[in-house]
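Every heavy atom of this structure was used, including side-chain atoms; hydrogens, water molecules and symmetry mates were not. The chains referred to below are lettered A, B, ... by the order of the sequence lines, with proteins before strands, and numbering in each begins at 1.
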Protein chains: 2
Amino acid sequence: MSRPQPQKRATVHDIAAAAGMSRGTVSRVLNGGYVSAEARAAIEAAMSDLGYVPNNAARALKMRRSQAVAFVALEPHSLFLDDPNIGSIMLGANAALSLADHQMVSLVVESARDTERVARYLSGGFVDGAIVVSARTKDPIIRVISDLSLPAAFVGHPPDLDQTIPFVGIDNVGSARAITEHLVTTGRRRIGMIAAALDRDSGIDRLAGFRDALGPLFDDELVSDVPHYDYGSGVKGMRDLLEREPAIDGVFAASDAIAAGALEALREAGRSVPGDVGVVGFDDSTWAVRCQPQLTTVHQPAKEIGSCAAQLILRQLRGEHPDPGGQLLPTPLVLRDSA
Amino acid sequence: MSRPQPQKRATVHDIAAAAGMSRGTVSRVLNGGYVSAEARAAIEAAMSDLGYVPNNAARALKMRRSQAVAFVALEPHSLFLDDPNIGSIMLGANAALSLADHQMVSLVVESARDTERVARYLSGGFVDGAIVVSARTKDPIIRVISDLSLPAAFVGHPPDLDQTIPFVGIDNVGSARAITEHLVTTGRRRIGMIAAALDRDSGIDRLAGFRDALGPLFDDELVSDVPHYDYGSGVKGMRDLLEREPAIDGVFAASDAIAAGALEALREAGRSVPGDVGVVGFDDSTWAVRCQPQLTTVHQPAKEIGSCAAQLILRQLRGEHPDPGGQLLPTPLVLRDSA
DNA sequence: TTGTAAGCGTTATCAA
DNA sequence: TTGATAACGCTTACAA
């Protein structure tokens with residue numbers, strides 16, 4: 001009955017005409033302002049009659065606000081497929097933005113073509129800010145954002161070049177140190193690490209924490225260096241370690257996925273966990289509980305990270321300047337069965 | 001040197017002034033049209049001087065085209081966290097849209113609040129079309145799309161109500177039948193299924209294919225029904241099956257993640273795979289190769305599904321009417337070690 | 001409380 | 001080939 005004509009969409013103008021009011025008044029019922037009860041009623045009737053839906057492009061043009069925030073995932077091929085946290089971070093960010101009535105839109109940057117297009121998109125007024133995840137030190141997107149002075153927040157350490165962009169993350173060094181110390185405390189002596197993503201701050205920092213905790217026990221030979229935080233890398237890294245040091249009795253895997261892979265390699269080598277070798281991971285992702293044995297690991301508060309990043313943006317949109325230096329969220333150890 | 005003033009952004013007007021040309025000419029160099037070499041040079045110089053970046057909102061308002069397509073993920077909490085295919089589908093869609101110079105923006109619908117906001121977003125002119133994944137039969141978003149007659153494409157079976165929206169998917173019934181037949185062919189006789197998501201077409205269809213393939217061998221008692229396509233459900237479903245029929249010798253898991261869980265439960269029950277029990281999965285996701293033994297499964301061409309969906313949108317944007325009834329992509333069997 | 005009118009940054013039509 | 005000028009749909013002073 002009240003189905004609108006499908007093709008041409010009703011505008012404020014049409015509503016005004018139908019309701020016998022002026023455009024200004026229509027806009028006022030839309031945005032809140034002085035308007036009489038009768039006027040409001042007539043206009044609302046006209047709106048639902050004609051199936052009015054406001055045109056965001058026009059509104060954004062006028063208001064210079066789109067009520068949308070981008071969630072930019074750099075190199076998602078490895079991200080979405082391997083990182084079980086990215087989904088939770090997104091969901092956390094979305095929830096926080098949703099509460100503030102902002103639309104989160106995620107953009108994927110996979111190719112040079114994408115980079116350029118996303119840069120245009122970010123500068124074009126379709127979004128009011130951007131959450132950037134997994135930035136490498138000199139990503140072109142970052143230039144664009146800082147040139148534009150678009151409100152932004154990084155997830156993870158910010159690239160060196162721009163200290164003006166706030167970030168939210170965890171203390172990778174401290175967490176890695178703590179989980180490694182657990183290995184030491186429980187009596188392990190020949191402790192190795194499967195380090196990953198050494199071109200990213202998270203990777204570098206986890207290795208630093210490991211080295212730190214071990215002190216004199218640290219042995220360069222016992223660090224296997226793999227490219228990604230994924231299962232396959234874990235299998236490979238562990239095989240590598242076993243070959244280099246058959247007497248290894250403890251392993252810190254740079255992520256739970258890697259730890260799961262390590263478990264597989266250990267099983268295939270006939271080592272028991274935690275009997276022969278203690279294994280610890282990082283993330284407390286779904287991997288941790290689907291392993292056998294379940295992983296002792298570092299809990300990463302992914303959802304909170306997402307919502308903090310969102311808050312960082314929202315605060316800037318309100319005109320507040322967030323404290324520089326970023327925000328580090330706590331990362332409790334989770335003790336399970338693998339060490 | 002050529003750093004633009006950070007706050008106020010240059011407009012076509014400014015460029016025109018700086019280059020001593022009219023706005024029309026500037027627009028012409030932007031969009032292609034007759035313009036002399038000198039004029040072009042002057043204008044391009046002015047643009048890079050002032051750091052010009054076009055305003056999308058204004059362009060969208062005028063052109064009625066945003067060059068953006070939404071990728072709408074319904075109930076992502078289970079999706080992103082459990083479904084290893086969703087990432088590949090997104091990436092496939094993005095790649096195809098990217099080639100056509102369209103920006104893919106993914107939207108997440110988790111709450112009623114999200115539903116409403118996303119509906120507004122879709123209707124507001126910020127996107128030219130929408131790819132919808134994992135729609136349940138009567139999702140409000142679908143109403144909105146069809147009321148708006150927004151160019152759209154579904155991933156998976158379309159909900160009954162609207163036959164005008166094209167879709168891309170796979171033949172779940174046929175694939176399930178084929179993989180089940182493999183179990184029969186290899187000599188299994190007491191074959192069970194861990195069925196999931198029976199409120200979704202994919203879930204229903206996979207069960208139908210299973211029943212179909214088994215014919216007289218089918219036994220209602222040997223179907224365990226779990227809510228989601230995830231690992232935990234697989235563990236539970238398999239335990240359930242083992243309890244109901246200790247002599248079970250074949251299992252069709254509705255997804256690879258479920259199959260991985262089933263493997264775990266079988267290990268814990270002391271059954272060998274494929275010796276005592278043959279197990280097959282569905283998806284050919286990363287799960288399939290990280291299991292021990294690796295899974296025999298149905299390959300789902302996730303990337304192609306994404307890019308087909310994108311094509312479906314692009315075609316509509318060109319004014320073509322895609323053939324109704326949708327498009328089914330082939331799903332070869334992948335024989336590995338689990339059955 | 002309501003109407004009028006200007007303008008947000010583009011593109012497009014039409015003359016020149 | 002180029003320059004005015006009128007939209008696109010909306011918000012917002014300012015006036016009434």
Next on the checklist: Using a 4.0 Å heavy-atom cut-off, does A60(B) contact any base of the nucleic acid, only the sugar-phosphate backbone, or nothing at all?
Outcome noted: nothing
*Across the strands shown, which category fits A39(A) at heavy-atom distances under 4.0 angstrom: base, sugar-phosphate, nothing?*
sugar-phosphate
Side-chain donor or acceptor of [X] under 3.5 Å from a matching atom on the base of [N]?
X	N	value
R64(A)	dG9(C)	no
R28(B)	dG3(D)	yes
K62(B)	dA12(C)	no

[N] [atom2] sits how many Å from [X] [atom1], rounded?
X	N	atom1	atom2	answer
I15(A)	dT11(D)	CD1	P	12 Å
N31(B)	dG9(C)	CG	P	17 Å
I43(A)	dT2(C)	CD1	P	8 Å
R65(B)	dC8(D)	CZ	P	18 Å
Y34(A)	dG3(C)	OH	P	17 Å
R40(A)	dT1(C)	CZ	P	11 Å
R23(B)	dT10(C)	CZ	C1'	9 Å
L30(B)	dT11(C)	CG	C1'	10 Å

If you check the [X] side chain, which of [options] turns out closest?
X	options	value
M63(A)	dC8(D), dG3(D), dT11(D)	dT11(D)
M21(A)	dT11(D), dA4(D), dG3(C)	dG3(C)
L61(A)	dT11(C), dC8(C), dG3(D)	dC8(C)

Of T25(A) and A58(A), the one whose closest nucleotide on DNA chain D sits nearer the 5' end is A58(A)
Taken to the nearest 0.5 Å, the spacing of I313(B) CD1 from Q316(B) CD works out to 5.5 Å
For residues 55-64 of chain A, run the donor-acceptor check on the side chains, cut-off 3.5 Å, and write out each pair with its distance to 0.1 Å, sequence neighbours left out.
unit_1, atom_1, unit_2, atom_2, d
N55(A), OD1, A57(A), N, 2.8
N55(A), OD1, A58(A), N, 3.0
R59(A), NH1, N31(A), OD1, 3.3

